[in-house]
2 protein chains.
Amino acid sequence: MSAHATHECVQLVPIFQELAADQLDTIESIVQHHHYLPGETLFNADDPLDTLMIVSGGQAKVYQLAANGREQLLYLLQTGDIDGEAALFENKRRTSYGEALVPTDVCSIRREDFQTLMQKYPSISINVLNVFGKRLTQLERQTTSTATESVEARLANYLTETAASLKVTAFKLPLKKKDLATFLGTTPETISRKLTRFEQVGLITQKPGKIIQINDADQLLLIE
Amino acid sequence: MSAHATHECVQLVPIFQELAADQLDTIESIVQHHHYLPGETLFNADDPLDTLMIVSGGQAKVYQLAANGREQLLYLLQTGDIDGEAALFENKRRTSYGEALVPTDVCSIRREDFQTLMQKYPSISINVLNVFGKRLTQLERQTTSTATESVEARLANYLTETAASLKVTAFKLPLKKKDLATFLGTTPETISRKLTRFEQVGLITQKPGKIIQINDADQLLLIE
DNA sequence: TTTGTTTCTTGATGCCGGTCAAGTTTTTAT
DNA sequence: ATAAAAACTTGACCGGCATCAAGAAACAAA
């Protein structure tokens with residue numbers, strides 16, 4: 001599996017899941033591989049949006065900058081996630097910034113190539129529509145949540161959801177407080193305070209290494 | 001409204017724009033027409049999401065309810081807009097509420113029919129992807145804006161953008177203050193106050209009938 | 001280790017904007 | 001038209017959370 005290092009990227013990606021091995025080979029042959037160190041930039045706002053990016057390993061954050069310079073984290077890209085679909089069909093520019101949080105591998109496909117692929121394998125468009133749909137639903141919730149709920153409720157919700165999606169009761173925060181803060185639309189200081197408060201009333205326990213242990217998920221979800 | 005059942009609905013919709021007249025006829029023959037009075041419900045959260053809705057006239061709001069009961073306006077559907085694409089490809093339920101603001105006409109297409117159409121006319125999927133992309137981009141901006149900018153900045157931005165998109169310098173607010181408030185993530189009272197303040201410093205002029213006249217768009221955009 | 005740097009925590013302070021309330025204007029209905 | 005209801009405005013109050021600042025802890029490099 002060296003020159004044969006084949007579908008490393010593409011087989012990870014849900015949007016290609018219905019395809020056969022030889023079709024994946026075809027795709028793999030047209031992707032470009034990149035590696036990014038922590039802190040390195042994957043893309044900037046205003047960059048021409050001409051490639052679809054596939055994260056084949058690592059972790060990266062996608063964020064926007066508001067007019068006042070404040071940062072808003074929109075997505076946390078994990079292995080198998082894609083980015084750049086948003087305007088693959090228009091000739092727009094990016095509106096967000098992408099930055100590796102850990103050593104990260106990315107495969108990219110040029111727009112024209114991807115469009116050809118979609119014509120050839122219609123299942124891809126359907127899958128892309130699915131990705132869009134999920135992302136829209138997620139963003140709608142995030143918008144509603146940041147606009148209408150208290151920081152405490154948002155944080156409590158984030159903790160219980162993360163634990164639930166990992167099917168665990170204790171987990172390590174996947175982000176620095178600063179990034180978590182921009183994701184939840186607040187500040188690192190407030191996160192610290194709220195976590196301390198949750199611990200004081202027994203809802204969670206904090207352990208060294210950013211480990212959070214959920215003690216009472218039901219109560220956490222009742223916070224408003 | 002629909003005296004002669006031509007392609008009244010479907011010809012309005014960007015996603016069908018490449019299709020020929022007889023193809024539009026085919027589509028028109030499978031849509032269902034509905035009419036809603038102001039305040040009537042188009043759909044509720046938890047409704048099965050099995051139809052694509054096309055607004056052929058009027059205006060409707062799409063909003064979510066947060067856990068604490070507060071409302072968040074996500075989209076304002078106008079003639080030609082569609083809704084329900086989000087989960088046309090999964091068997092999910094709705095997460096938002098739809099409500100007519102004025103007398104509103106809607107055509108709907110059942111999911112299976114729409115999927116058949118997409119197979120038959122591939123241009124439709126591409127167009128749907130475009131709609132998704134625009135909506136995602138818009139929501140990303142809205143998320144960033146509500147999470148990071150002041151109410152004053154958001155309102156100022158809304159005013160200048162609305163004026164710009166209408167290519168006018170004075171316009172009638174298309175929403176009641178309450179709805180505008182839930183769109184901007186604030187309250188009717190605060191909107192009133194901020195508008196009064198803008199007027200006091202000469203940035204805008206308010207005229208009877210919810211008419212807003214922009215006097216200094218540049219200054220408005222500098223507010224933070 | 002030791003040193004420097006980044007991240008995190010905790011305190012003090014202030015303000016934006018939400019809430020409640022009362023009065024006014026506009027819209028709708030009769 | 002007048003009456004009733006809904007929408008809007010303005011004031012008073014105050015609480016949540018951002019900001020600024022300083023110290024503690026965690027991490028990285030040499």
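Proteins get letters first, then strands, A, B, ... in listed order; numbering begins at 1 in each.
- When the side-chain contact (heavy atoms from CB on, under 4.5 Å) test is applied to A/Thr196, the partners found at least two apart in sequence or on another chain are A/Gln200, A/Gln206.
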Practice problem: Show your reasoning for whether salt bridge (charged side-chain N to carboxylate O under 4.0 Å, His left out) applies to B/Glu199 and B/Lys207. | Solution: CA-CA 11 Å; B/Glu199 187 164 31; B/Lys207 297 175 182 172; over 6 Å; no
Self-check item: Where protein sits on nucleotides 8-13 of chain C, one letter per nucleotide: B base, S sugar-phosphate only, - none, heavy atoms under 4.0 Å
Solution: SBBBB-
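- Looking at residues 212-224 of chain B, you'll see that no heavy atom sits under 4.0 Å from any atom of DNA chain D.
- Just one residue in the list B/Thr144, B/Thr137, B/Leu136 forms a side-chain contact (heavy atoms from CB on, under 4.5 Å) with A/Thr95, and that residue is B/Thr137.
- In this structure, the side chains of A/Phe171 and A/Ile214 come closer than 4.5 Å at one or more pairs of heavy atoms.
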Exercise. Take B/Glu152 and B/Lys194 through the salt bridge (charged side-chain N to carboxylate O under 4.0 Å, His left out) test and state the conclusion after the steps.
Key: CA-CA 7 Å; B/Glu152 226 173 79; B/Lys194 298 298 182 191; 3.2 Å; yes
Exercise. Begin with the C-alpha distance, continue with both residues' side-chain angles, and end with the deciding distance and a verdict on side-chain contact (heavy atoms from CB on, under 4.5 Å) for B/Asp81 and B/Gln59.
Key: CA-CA 10 Å; B/Asp81 287 341; B/Gln59 195 180 49; over 6 Å; no
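- Taking 4.0 Å as the cutoff to heavy atoms of chain B, we find the contact window on DNA chain D bounded by D/dA7 to D/dA12.
- Among residues two or more places apart in sequence or in another chain, the side-chain contact (heavy atoms from CB on, under 4.5 Å) test is passed with A/Val13 by A/Ile15, A/Phe16, A/Ile54, A/Ile82.
- Residues in residues 177-192 of chain B take part in these side chain to side chain donor-acceptor pair (under 3.5 Å) pairs, two or more places apart or across chains: B/Lys61-B/Asp179, B/Thr187-B/Thr190.
- The side chain to side chain donor-acceptor pair (under 3.5 Å) analysis of residues 213-224 of chain A, with sequence neighbours excluded, yields the pairs A/Thr205-A/Asn215.
- Between B/Thr160 and B/Asn157, some side-chain heavy-atom pair lies under the 4.5 Å cut-off.
- Side-chain atoms of B/Cys107 and B/Met53, non-hydrogen and from C-beta on, never get closer than 4.5 Å to each other.
- Whole-Å rounding puts the B/Leu155 CG to C/dC16 P distance at 16 Å.
- Using a 4.0 Å heavy-atom cutoff across all strands shown, B/Gly39 reaches no nucleic acid atom at all.
- B/Asp50 is linked by a side chain to side chain donor-acceptor pair (under 3.5 Å) to nothing, counting only residues two or more places apart in sequence or in another chain.
- Between B/Thr146 and B/Leu184 the shortest side-chain heavy-atom distance does not fall below 4.5 Å.
- Across A/Asn44, A/Asp46, A/Asp83, A/Asp47, a single residue satisfies side-chain hydrogen bond (donor to acceptor under 3.5 Å, both in side chains) together with A/Arg94, and that is A/Asp83.
- End-to-end axis angle of the helix from C/dT1-D/dA30 to C/dT30-D/dA1, using five pairs per end and rounding to 10°, comes to 60°.
- Interatomic distance, CD of B/Gln11 versus CD1 of B/Ile27, reported as 11.5 Å (0.5 Å rounding).
- Listed by first and then second residue, the ring pair (Phe, Tyr, Trp, His ring centres under 6.0 Å) pairs that reach into residues 40-67 of chain A are A/Tyr63-A/Tyr97, sequence neighbours excluded.
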Detail all sub-3.5 Å separations between protein N/O atoms and N/O atoms belonging to nucleotides 24-30 of chain C.
none

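- No hydrogens or angles considered: nothing links the side chains of A/Glu40 and A/His34 as a donor-acceptor pair under 3.5 Å.
- Using a 4.5 Å cut-off on side-chain heavy atoms (C-beta onward), B/Tyr75 and A/Glu140 make contact.
- The stretch residues 144-152 of chain B touches DNA chain C through B/Ser150, B/Val151, each having a heavy atom under 4.0 angstrom from the strand.
- Put simply, B/Thr186 has no side-chain N or O that comes within less than 4.0 Å of OP1 or OP2 on C/dG17.
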